[in-house]
There are 2 protein chains.
Amino acid sequence: MRITIRDVARRAEVSVATVSRALGSPDRVSEATRDRVLAVVRELGYRPSPAARSLITGKTGAIAIVVPDLGNPFFTGLLKSVQARARETGHAVLVGDSDEDPATEQELVRTLAKQADGVLLCSPGIDDATITELDGLTSLALLNRRVAGIGATVMDSAGGMREVVAHLAALGHRLAYLNGPDSSWSNHERLRGLRPAAAEHGVEIVELGPFAPRYEDGSPAADQALAAGVTAVLAYNDVMALGVLARLRDRGVDVPGELSVTGFDDLVYAAVSAPPLTTVAMPLAEAGSDAVDLLLAHAATDPAGRVVTELPTRLVVRATTARAPGYHR
Amino acid sequence: MRITIRDVARRAEVSVATVSRALGSPDRVSEATRDRVLAVVRELGYRPSPAARSLITGKTGAIAIVVPDLGNPFFTGLLKSVQARARETGHAVLVGDSDEDPATEQELVRTLAKQADGVLLCSPGIDDATITELDGLTSLALLNRRVAGIGATVMDSAGGMREVVAHLAALGHRLAYLNGPDSSWSNHERLRGLRPAAAEHGVEIVELGPFAPRYEDGSPAADQALAAGVTAVLAYNDVMALGVLARLRDRGVDVPGELSVTGFDDLVYAAVSAPPLTTVAMPLAEAGSDAVDLLLAHAATDPAGRVVTELPTRLVVRATTARAPGYHR
DNA sequence: GTGAAAGCGCTAACAT
DNA sequence: ATGTTAGCGCTTTCAC
């Protein structure tokens with residue numbers, strides 16, 4: 001707000017256009033003037049006003065990301081990677097947390113659309129039609145969600161789920177799956193891997209829930225799984241699985257002796273739970289970085305390259321899974 | 001970028017000034033005109049350009065927060081609360097992650113200063129002088145850090161540490177403290193509580209480290225603590241404590257039978273570690289919200305009310321602390 | 001209560 | 001290679 005391009009121009013005895021060029025396209029200015037201008041810039045500590053620049057270029061120099069819950073390490077893992085990559089490309093990062101509410105998510109996208117060059121939407125909850133509509137407002141890229149016609153970076157959760165089922169089937173289990181939110185795209189993906197895999201391996205599977213993907217919701221979920229009389233429970237994600245583990249411990253159930261448990265996401269904290277959690281690792285760092293590149297590329301070109309990148313996931317076997325009780329193969 | 005105030009003005013058959021007023025100061029327009037304008041606004045889906053508005057008002061409608069590590073739930077807990085409160089006040093949130101590098105932190109503040117109405121700095125690492133300098137650039141508020149003359153919201157870690165020491169002293173322990181980063185303000189605060197408390201209770205205390213506050217760094221820290229022959233180890237924070245716990249399990253050390261362990265922060269995941277971690281709870285939600293209010297109030301008024309709010313912490317005893325081996329009181 | 005007009009700080013033609 | 005100038009979309013005096 002203080003020192004403007006005019007101050008620099010006056011001090012360097014050039015026109016404002018030259019200052020602008022010295023900063024923006026250094027090769028369109030003679031070396032001598034450029035050096036002089038840059039010296040003054042440094043001397044005065046001048047930084048161009050993003051608002052003024054933005055007004056004319058139509059670019060804000062920022063990207064936005066909206067997530068359902070900043071309390072979930074899955075999303076903050078993505079966020080960390082997104083902000084790192086954005087910084088490399090010289091973009092600031094705006095963040096919106098919807099608290100798992102699709103309506104808020106939508107409003108967030110609408111607001112942030114005006115303040116950013118594009119928005120990364122990480123929303124298992126909003127319906128496809130709304131997402132398509134939102135896509136018109138700004139350059140949009142999806143994170144871990146697939147909607148026809150919109151660029152996205154997804155992680156192969158169906159594949160991860162297939163690995164989990166194969167692992168558990170080999171141990172002789174009867175399975176219960178703890179559903180995440182009903183309308184969640186991620187939950188559908190889990191099921192898309194789960195059901196065929198269960199059929200293929202000929203294992204029983206009872207579906208419970210839906211449950212909110214919160215730590216606290218692990219308790220009722222655990223209770224229901226116990227009541228269902230299964231030998232292994234597959235939680236929608238690690239946060240829920242951790243909650244299940246806590247409840248199981250409270251109820252004195254031996255994991256994995258009496259009951260095996262699996263999560264999804266491989267949060268750092270999955271490794272320190274009691275016992276360490278068998279789960280599916282998601283390539284968060286890569287996904288976040290890729291999504292930024294996708295968004296920026298898309299923002300540059302016309303709605304041409306609507307790419308969808310799918311990143312592989314990987315089963316991580318730790319200590320919450322073992323042979324089913326009474327299974328001796 | 002699409003539809004502007006002019007489109008609305010034309011359609012509502014008023015001047016742009018009236019549209020602006022209808023939106024900004026509804027009482028300076030007749031009710032009839034206002035309704036007509038607002039109807040058109042809704043019909044066209046018009047949203048004022050933040051850039052244009054910002055250029056003239058000098059306000060951006062955003063605040064920024066810079067933290068050392070978005071991978072640490074302590075900071076994302078703060079972030080979540082900050083973003084929630086900011087949204088209530090109609091502000092967007094820019095986030096910067098320095099990856100624990102003070103130089104990056106500084107650069108982040110300088111950059112974000114121009115794009116936000118104020119920045120919330122959460123930096124245990126930057127030195128006081130630099131912070132004071134940064135304060136000149138923009139309206140700055142500190143989170144969990146105290147620097148003379150700058151508004152801040154801090155949490156009473158010294159007090160929390162005193163509680164930990166009292167707890168452990170009563171159990172007959174010889175203590176080791178695993179230092180966080182040397183230059184970290186939070187670490188100094190821990191020590192400020194630790195040393196006098198240890199003296200007061202007449203307990204021994206060996207200081208180890210410094211260690212980076214990362215999960216991985218828990219391993220060497222655990223090894224050193226073991227070598228030091230103490231009966232209880234106080235980690236700088238939960239992330240480190242969780243790493244210590246993992247290492248201890250690998251080495252077959254019984255916690256809390258042979259060794260007691262405490263953390264700091266009370267991350268959700270502290271409750272699911274093996275065993276559940278005794279730690280100090282920090283009022284993250286309140287701190288984040290207060291910090292936003294402080295920042296916004298300060299941004300409004302002149303550098304007048306340089307307030308520092310201190311929020312209380314609380315010891316949470318779980319299962320990683322027990323009587324020292326051989327102590328029978 | 002409403003409109004006309006002057007910029008906010010900057011970039012991008014268009015001249016030179 | 002450099003300068004002049006016309007706005008970007010909006011808010012805000014200043015008239016009416």
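Numbered from 1 within each chain, the chains take letters A, B, ... in sequence-line order.
- A:Arg87 and A:Gln83 share no side-chain donor-acceptor pair at under 3.5 Å.
- The shortest distance between side-chain heavy atoms of A:Asp7 and A:Tyr46 does not fall below 4.5 Å.
- Nearest nucleotide to the B:Ser30 side chain, out of D:dA1, C:dT2, C:dT11: C:dT2.
- Spacing between atom CD of A:Gln115 and atom P of D:dG9 amounts to 17 Å, rounded to whole angstrom units.
- You'll find that the side chain of A:Ala17 is closest to D:dG3, out of C:dG3, D:dT2, D:dG3.
- Spacing between atom CG of B:Leu55 and atom C1' of C:dG7 amounts to 9 Å, rounded to whole angstrom units.
- Computed from coordinates, the A:Lys59 NZ to C:dA12 C1' distance equals 16 Å when rounded to whole Å.
- When the C1' atom of C:dG1 is taken as reference, atom CD of B:Glu31 falls 14 Å away, rounded to whole Å.
- What separates CD1 of B:Ile56 from P of D:dT13 is a distance of 9 Å, to the nearest Å.
- The residue among B:Ser15 and A:Ser20 whose nearest nucleotide of DNA chain C is located toward the 5' end is B:Ser15.
- Residue-level contact check: A:Thr18 touches the backbone only, with heavy atoms under 4.0 Å from sugar-phosphate atoms and none from bases.
- Heavy-atom nearest nucleotides on DNA chain D were determined for B:Leu23 and for A:Ala52, and the one closer to the 5' end corresponds to A:Ala52.
- Atom pair A:Lys114:NZ and D:dG9:P shows a separation of 9 Å (rounding to whole Å applied).
- With hydrogens and angles left out, the side chain of B:Arg2 and the base of D:dG9 share no donor-acceptor pair within 3.5 Å.
- Relative to the side chain of A:Thr4, the nucleotides C:dG9, D:dT5, C:dA5 differ in distance, and C:dG9 lies closest.
- For B:Glu13, the CD atom counts as loosely surrounded, since its 6.0 Å shell holds 12 or fewer non-hydrogen atoms of other residues, nucleotides or ligands.
- Distance alone, capped at 3.5 Å, places no donor-acceptor pair between the A:Ser289 side chain and the A:Glu286 backbone.
- Between the CD atom of B:Glu13 and the C1' atom of C:dT2 there is a distance of 14 Å, given to the nearest Å.
- With 3.5 Å as the limit, one finds a donor-acceptor pair spanning the side chains of A:Thr130 and A:Asp127.
- Counting non-hydrogen atoms under 4.0 angstrom, B:Ser54 reaches nothing in the nucleic acid.
- Between B:Thr33 and C:dT2 there is a side-chain N or O to OP1 or OP2 distance below 4.0 Å.
- As rounded to whole Å, 20 Å separates atom C1' of C:dC10 from atom CZ of B:Arg53.
- Each of A:Pro50 and A:Arg21 was assigned the nucleotide of DNA chain C with the nearest heavy atom; the assignment lying further toward the 5' end belongs to A:Pro50.
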